[in-house]
Asker: 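Questions regarding the structure given below will be posed in turn.
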Amino acid sequence: MERSVRRRRWQDRVMQALMVLSVLVVVTPLFSLLIYVGQSGIRGLSLDFFTHLPKPVGVPGGGMANAIVGSTILVALASVVGVPVGVMGGIFLARSHGRLADAVRFVAQVLNGVPSIVVGLAVYGLLVLPMKTYSAWAGGIALGMLMIPLVTLNTEEMVRLVPRDLNEAALALGIPAWLATLRVVVRTALPGILTGIMLAVARVAGETAPLLFTALNNAFWHQGLSNPIASLPVTIYTYAVSPYEEWHQQAWTGALVLVGMVLGTNILSRILGRSRYDRR
């Protein structure tokens, strides 16, 4: 008996050590990335970086204000395209059965695995070539197409987690099925849906490949949504592959800002979802 207890204790300690090791393996790349980008980019971080346009090579100073504003506009356009379609598609999948729902779910899963550069090429052929110009519209639609499957699949899962008793109780009170779905089921699943939307926003905010084929880039303030527009990922890429050392520093600082924006969005999604659940 004593030997069996001793063996179980050793097994428990070994499993705990393996779990701690697994956690370290997961978090080490993340913290290494944050530390390395932070050390490389903090040297160029200043107020001018957020308020000034890029300067020519050899001219000190300058920033990426146009790229920061451009990324905000592109993500906003993507949200207008991707969030309504994704949420409605997720609700449809969660509340429907049959071949149509299976087909929509299959398409969403396939789109979720399609490389972003393929989406950029598709939007390039559908919008950029007919319009004969790169534009913020094309970039926003490309990012929105990347958001749709993410929001759709997340919304479906969150709606399915709502207890069926809540929906049946609403129907028993004489509430129409569509109103019960919106006012009871979706409202209950709203924290999880919002979390999924924020995570989708964080994912598309760092996309570069689709913007190279749709929004291109702009060294100045944007001149309307029908014209090329700057974005942080493309500007960072352009500066990183250049032969100029000062542009390399700007690229590291831009990467730090972009990582901070993505990390902040993820943290906000967690806080938002947790606070809404706590109030319930």
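Hydrogens, waters and symmetry mates are skipped; everything else that's a heavy atom, side chains included, is used. Bear in mind that the values here come from a model prediction, so they are computed numbers and not experimental data.
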Asker: When you measure from the side chain of N154 to the backbone of I197, do you find a donor-acceptor pair of N or O atoms at a distance under 3.5 Å?
Answerer: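 Here the side-chain-to-backbone pair does not exist.
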Asker: Between S135 and L225, is any pair of side-chain heavy atoms under 4.5 Å apart?
Answerer: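 When only atoms from C-beta onward are counted, L225 and S135 do not touch, as no gap falls below 4.5 Å.
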Asker: Would L121 and V234 show up in the same hydrophobic cluster when neighbours are defined by side-chain heavy atoms closer than 4.5 Å?
Answerer: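 Yes; V234 is reachable from L121 via cluster members.
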Asker: For the residue pair R7 and W10, would you count it as a cation-pi contact if the rule is NZ or CZ under 6.0 angstrom from the ring centre and within 45 degrees of the ring axis?
Answerer: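 No, R7 does not sit over the ring of W10.
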Asker: Hydrophobic clustering (ILVMFWY, side-chain heavy atoms < 4.5 Å, transitive) - are L232 and Y239 grouped together?
Answerer: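 Yes, Y239 connects to L232 through the hydrophobic network.
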Asker: Run the numbers on R99 and D102 for salt bridge (Lys or Arg N to Asp or Glu O under 4.0 Å), then give the verdict.
Answerer: CA-CA 5 Å; R99 294 183 178 179; D102 292 338; over 6 Å; no
Asker: Could you measure the distance from the CG atom of L212 to the CG atom of L216? Nearest 0.5 Å is fine.
Answerer: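 Here the interatomic distance stands at 7.5 Å.
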Asker: Identify the two heavy atoms, one from I193 and one from M158, that lie closest to each other, and give their separation to 0.1 Å.
Answerer: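 Here I193 and M158 meet closest at N-CG, 3.8 Å.
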Asker: With clusters defined by side-chain heavy atoms of hydrophobic residues (ILVMFWY) lying less than 4.5 Å apart, directly or transitively, does V114 cluster with V104?
Answerer: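 Unlinked, V104 and V114 end up in two clusters.
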Asker: Verify the neighbour count for atom CZ of R183: are there more than 12 heavy atoms of other residues, nucleotides or ligands below 6.0 Å?
Answerer: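 No, CZ of R183 has 12 or fewer neighbouring heavy atoms, counting only those of other groups under 6.0 Å.
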Asker: If you define the side chain from C-beta out and look only at heavy atoms, does anything of Q249 sit under 4.5 Å from T253?
Answerer: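 They are in side-chain contact.
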Asker: Work out which heavy atom in V151 is nearest to a heavy atom in V83; give both atom names and the distance.
Answerer: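 Looking at all heavy atoms of both residues, the shortest contact is CG1-O, 4.2 Å.
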Asker: Could you tell me whether a side-chain N or O of N227 sits under 3.5 Å from a main-chain N or O of Q223, the two making a donor and an acceptor?
Answerer: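 Yes, the answer is positive, given that a donor and an acceptor are paired below the 3.5 Å cut-off.
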Asker: Side chain of T265, backbone of A202: donor and acceptor closer than 3.5 Å?
Answerer: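 No, T265 side chain to A202 backbone: no donor-acceptor pair under 3.5 Å.
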Asker: Determine yes or no for a side-chain-to-main-chain donor-acceptor pair under 3.5 angstrom, with E246 supplying the side chain and G58 the backbone.
Answerer: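 At least one qualifying donor-acceptor pair exists.
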Asker: If you draw a 6.0 Å radius around OH in Y237, do more than 12 non-hydrogen atoms from other residues or ligands fall strictly inside?
Answerer: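 Not more than 12 within 6.0 Å, no.
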Asker: What about I117 and V119, same hydrophobic cluster or not, with Ile/Leu/Val/Met/Phe/Trp/Tyr joined at side-chain heavy-atom distances under 4.5 Å?
Answerer: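 Yes; V119 is reachable from I117 via cluster members.
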Asker: Assign the ring pair F213 / Y124 to parallel, tilted or perpendicular, where the plane angle (0 to 90°) is split at 30° and 60°.
Answerer: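 Perpendicular: the ring planes of F213 and Y124 meet at over 60°.
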Asker: Specify the closest pair of heavy atoms between E207 and S116, including all atoms of both residues, with the distance to one decimal.
Answerer: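 That closest heavy-atom pairing would be OE1-OG, 2.9 Å.
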Asker: Determine the minimum heavy-atom distance between A138 and V128, stating which atoms define it.
Answerer: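 Nearest heavy atoms, A138 then V128: CB-CG2, 3.9 Å.
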Asker: Is there side-chain contact between L127 and T214, with at least one heavy-atom pair below 4.5 Å?
Answerer: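 SC-SC contact between L127 and T214 ruled out.
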Asker: What is the minimum heavy-atom distance between A255 and I236, and which atoms define it?
Answerer: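 Shortest heavy-atom contact: N-CD1, 3.4 Å.
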Asker: Taking the side chain as every heavy atom from C-beta outward, state whether T51 and D48 have any atom pair closer than 4.5 Å.
Answerer: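 Yes, close enough: below the 4.5 Å cut-off.
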Asker: Which atoms form the tightest heavy-atom contact between V262 and N266, and what is the distance?
Answerer: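 Heavy atoms only, the tightest pair is O-ND2, 2.7 Å.
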Asker: Counting distance only, does the side-chain N/O of N217 pair as donor-acceptor with the main-chain N or O of P228 below 3.5 Å?
Answerer: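 Not confirmed, N217 side chain does not pair with P228 backbone.
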